[in-house]
A.B. asks: 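Structure provided below as structure tokens; questions to follow.
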Protein chains: 2
Amino acid sequence: METRQRAAQRDAAQNRRQELLEAADRVVLRDGPSASMNAIAAEAGITKPILYRHFGDKSGLYRALAERHTDALLAALRAALDAPSDRRERLASTIDTYLARIEARPQVYRFLMHPAESEQGFDSGRHTAPLLRRLGEELGKFVQDRLELGPGSEQRARVWGHGIVGMMHAAGDWWLGERPCPREQLVAHLVDLLWGTLATAEDRPRAGRTDRAEAGPVESGAESGQNEQSGTELPRA
Amino acid sequence: METRQRAAQRDAAQNRRQELLEAADRVVLRDGPSASMNAIAAEAGITKPILYRHFGDKSGLYRALAERHTDALLAALRAALDAPSDRRERLASTIDTYLARIEARPQVYRFLMHPAESEQGFDSGRHTAPLLRRLGEELGKFVQDRLELGPGSEQRARVWGHGIVGMMHAAGDWWLGERPCPREQLVAHLVDLLWGTLATAEDRPRAGRTDRAEAGPVESGAESGQNEQSGTELPRA
DNA sequence: AACTGCGGTTACCGCTAGTAACAAATACGT
DNA sequence: ACGTATTTGTTACTAGCGGTAACCGCAGTT
């Protein structure tokens with residue numbers, strides 16, 4: 001069997017794999033998530049079939065690549081989440097860590113949000129990037145482990161995990177595109193939101209309002225009255 | 001000029017456009033967001049170039065399609081958000097409306113979350129589906145209009161808008177995939193989260209914990225100690 | 001009858017992911 | 001030392017995508 005040799009080959013293959021991943025990383029960083037297999041192969045100094053021998057599939061390569069980055073991000077987040085400070089402080093610092101990360105390397109971030117898009121089987125569900133799923137699950141476990149939530153705590157913790165992660169992600173994504181404020185301020189607003197300020201905020205005084213008729217929050221089109229459920233579609237609800 | 005004829009032709013073109021959109025809708029509903037232009041053309045009983053004459057571009061068609069669905073969803077959400085009930089109730093009902101919608105037509109939902117993915121220019125920012133952006137903006141305006149948030153209220157309202165929408169989306173997406181609980185429960189958990197229960201929940205009593213050493217929330221791999229920022233990557237921060 | 005504009009088609013381009021088939025080199029058993 | 005099998009790499013290909021150019025035929029106008 002020559003196990004020693006076998007092992008050596010395995011090692012060599014692993015090293016090769018790492019090199020290839022690094023090359024792919026460089027290309028994705030340069031070209032965005034639409035980097036082609038040809039381009040990646042060229043960057044690695046080889047040709048396509050080798051890539052396919054190592055990763056089987058484009059989504060295979062992308063998965064391997066995403067796993068690396070996700071691991072790194074997750075480690076940073078765990079550190080922030082596990083700091084010995086006050087709960088609110090930890091929340092803020094975790095969100096800030098995430099935002100700092102996506103701010104520092106938007107290309108990587110963008111790549112992590114997309115990499116699926118291939119599988120053409122319409123398996124409704126599983127749309128979100130694996131990164132978000134994983135972050136949500138992790139945070140859910142953390143909450144479940146740290147907080148006393150009463151009966152049904154597991155479900156609640158998981159919902160919260162995914163919800164908080166989604167909030168972080170969407171706000172971060174929007175912020176990254178428009179840069180409407182410095183990062184600390186975004187963090188502060190999000191923490192406020194999660195801290196229940198939404199519940200305690202005052203109603204804004206408005207003019208007499210028996211029925212909605214004047215300047216509402218409406219922006220464009222479709223002011224066609226009360227189409228609430230069965231309006232334009234939903235033929236089989 | 002024959003403006004009457006011109007007008008008739010315009011009308012015909014508009015009708016045609018609607019037919020094409022409906023055909024495209026059927027195909028997307030059947031094949032998911034990866035429906036090809038060929039398939040859509042075939043479903044409409046014509047060939048590709050006509051599609052291109054009408055919509056110019058695949059993303060053009062997809063944008064038109066998404067706009068219809070987004071308008072419908074937005075109308076439903078506005079109705080829920082504008083009901084004459086208690087604030088917390090309105091929040092719950094809005095979230096529930098959204099969830100009911102994506103539950104009823106997951107294919108449409110899935111399509112709405114994806115349709116970009118083409119543009120190969122790496123314009124970091126603008127990753128999220130336009131639907132989410134629009135929902136976030138709308139909700140932000142609503143909050144800004146209805147709540148008294150003190151100085152800097154506009155920014156805060158926008159952050160909250162995008163944050164809440166992101167929370168709803170991520171939790172809904174996860175829920176749609178795993179179905180871990182009935183919808184009402186998911187809604188209740190999310191409302192609780194936004195209502196500040198995170199701030200007031202008790203710490204869970206834990207065994208002596210001078211430093212983290214035992215069962216943490218960690219799940220797999222990468223327990224390599226304190227790599228918080230400069231650990232695995234981020235070479236140019 | 002000739003002309004013009006529009007709906008529609010076929011046939012193509014350049015690109016992609018993915019693969020089959022072949023070439024060289026290296027380590028192996030005998 | 002020699003054949004042999006395995007790994008590493010290549011070239012050259014398929015099938016299908018988005019997108020387009022060039023052409024066909026039928027309405028109405030003059």
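All chains are named by letter (A, B, ...) in the order of the sequence lines, taking the proteins before the strands, and each is independently numbered beginning at 1.
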A.B. asks: Atom CZ of A:Phe55 to atom P of D:dT8: distance rounded to whole Å?
C.D. replies: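 Between P of D:dT8 and CZ of A:Phe55: 13 Å.
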A.B. asks: Tell me the interatomic distance from A:Lys58, atom NZ, to C:dC15, atom C1', rounded to whole angstroms.
C.D. replies: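 Value for this atom pair: 12 Å.
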A.B. asks: For B:His54 and C:dC6, give me the distance from atom NE2 to atom C1', rounded to whole Å.
C.D. replies: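 It works out to 10 Å between those atoms.
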A.B. asks: Per the atom types in the model, does the base of C:dG18 pair as donor or acceptor with the side chain of A:Lys48 at under 3.5 Å?
C.D. replies: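 Answer is yes: a donor-acceptor pair is held.
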A.B. asks: Determine yes or no for a side-chain-to-main-chain donor-acceptor pair under 3.5 angstrom, with B:Tyr98 supplying the side chain and B:Val165 the backbone.
C.D. replies: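 Flag not set: sc B:Tyr98 to bb B:Val165 has no pair under 3.5 Å.
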A.B. asks: What's the CG-P distance between B:Leu61 and D:dC17, to the nearest Å?
C.D. replies: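 Atom-to-atom, B:Leu61 to D:dC17, this comes out as 15 Å.
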A.B. asks: Rounded to whole angstroms, how far apart are CD1 on A:Ile40 and C1' on C:dT16?
C.D. replies: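 Value for this atom pair: 13 Å.
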A.B. asks: Would you indicate, yes or no, if C:dG8 has its OP1 or OP2 atom less than 4.0 angstrom from a side-chain nitrogen or oxygen of B:Arg16?
C.D. replies: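 So the side chain of B:Arg16 is within the cut-off, an N or O lying under 4.0 Å from OP1 or OP2 of C:dG8.
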A.B. asks: Write down the distance between CG (B:Asp57) and P (D:dG18), rounded to a whole number of angstrom.
C.D. replies: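 It is 11 Å, rounded to the nearest whole Å.
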A.B. asks: Assess A:Arg179 against A:Trp175: is NZ or CZ under 6.0 Å from the centre of the six-membered ring, and within 45 degrees of the ring's axis?
C.D. replies: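 Cation-pi check for A:Arg179 and A:Trp175: passes.
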A.B. asks: Can B:Glu137 and B:Arg134 be counted as an ion pair, charged N to O under 4.0 angstrom?
C.D. replies: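 So B:Glu137 does not pair with B:Arg134 through a salt bridge.
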A.B. asks: Return the value, rounded to whole Å, for the distance between atom CD1 of B:Ile50 and atom C1' of C:dT9.
C.D. replies: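 So the CD1-C1' distance, B:Ile50 to C:dT9, works out to 8 Å.
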A.B. asks: Out of C:dT19, D:dG9, D:dA21, which nucleotide sits closest to the side chain of B:Pro49?
C.D. replies: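 From the listed options, D:dA21 comes nearest.
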A.B. asks: For a quick test of reading the model: is some side-chain N or O of B:Thr47 closer than 4.0 Å to OP1 or OP2 of C:dG8?
C.D. replies: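 No, outside the criterion.
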A.B. asks: Closest approach to the side chain of A:Tyr52, judged atom by atom: which nucleotide of D:dT10, C:dG18, D:dG19 is it?
C.D. replies: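 My answer, after comparing the listed nucleotides, is C:dG18.
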A.B. asks: Among D:dT20, D:dG9, D:dC17, find the nucleotide with the atom closest to the side chain of B:Asn38.
C.D. replies: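 Within the option list, the nearest is D:dC17.
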A.B. asks: Mapping A:Arg53 and A:Met37 onto DNA chain C by nearest heavy atom, which one lands closer to the 5' end?
C.D. replies: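 Of the two residues, A:Met37 wins.
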A.B. asks: Are the side chain of A:Trp174 and the backbone N or O of B:Val159 linked by a donor-acceptor pair below 3.5 Å?
C.D. replies: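 Side chain of A:Trp174 to backbone of B:Val159: no pair is present.
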A.B. asks: Determine whether A:Phe55 and A:Tyr62 satisfy the following criterion, ring-ring contact (aromatic ring centres under 6.0 Å, His included), listing intermediate values before the conclusion.
C.D. replies: CA-CA 9 Å; A:Phe55 301 99; A:Tyr62 274 39; over 10 Å; no
A.B. asks: Return the value, rounded to whole Å, for the distance between atom CG of B:Leu20 and atom P of C:dG8.
C.D. replies: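 Distance, rounded to whole Å: 9 Å.
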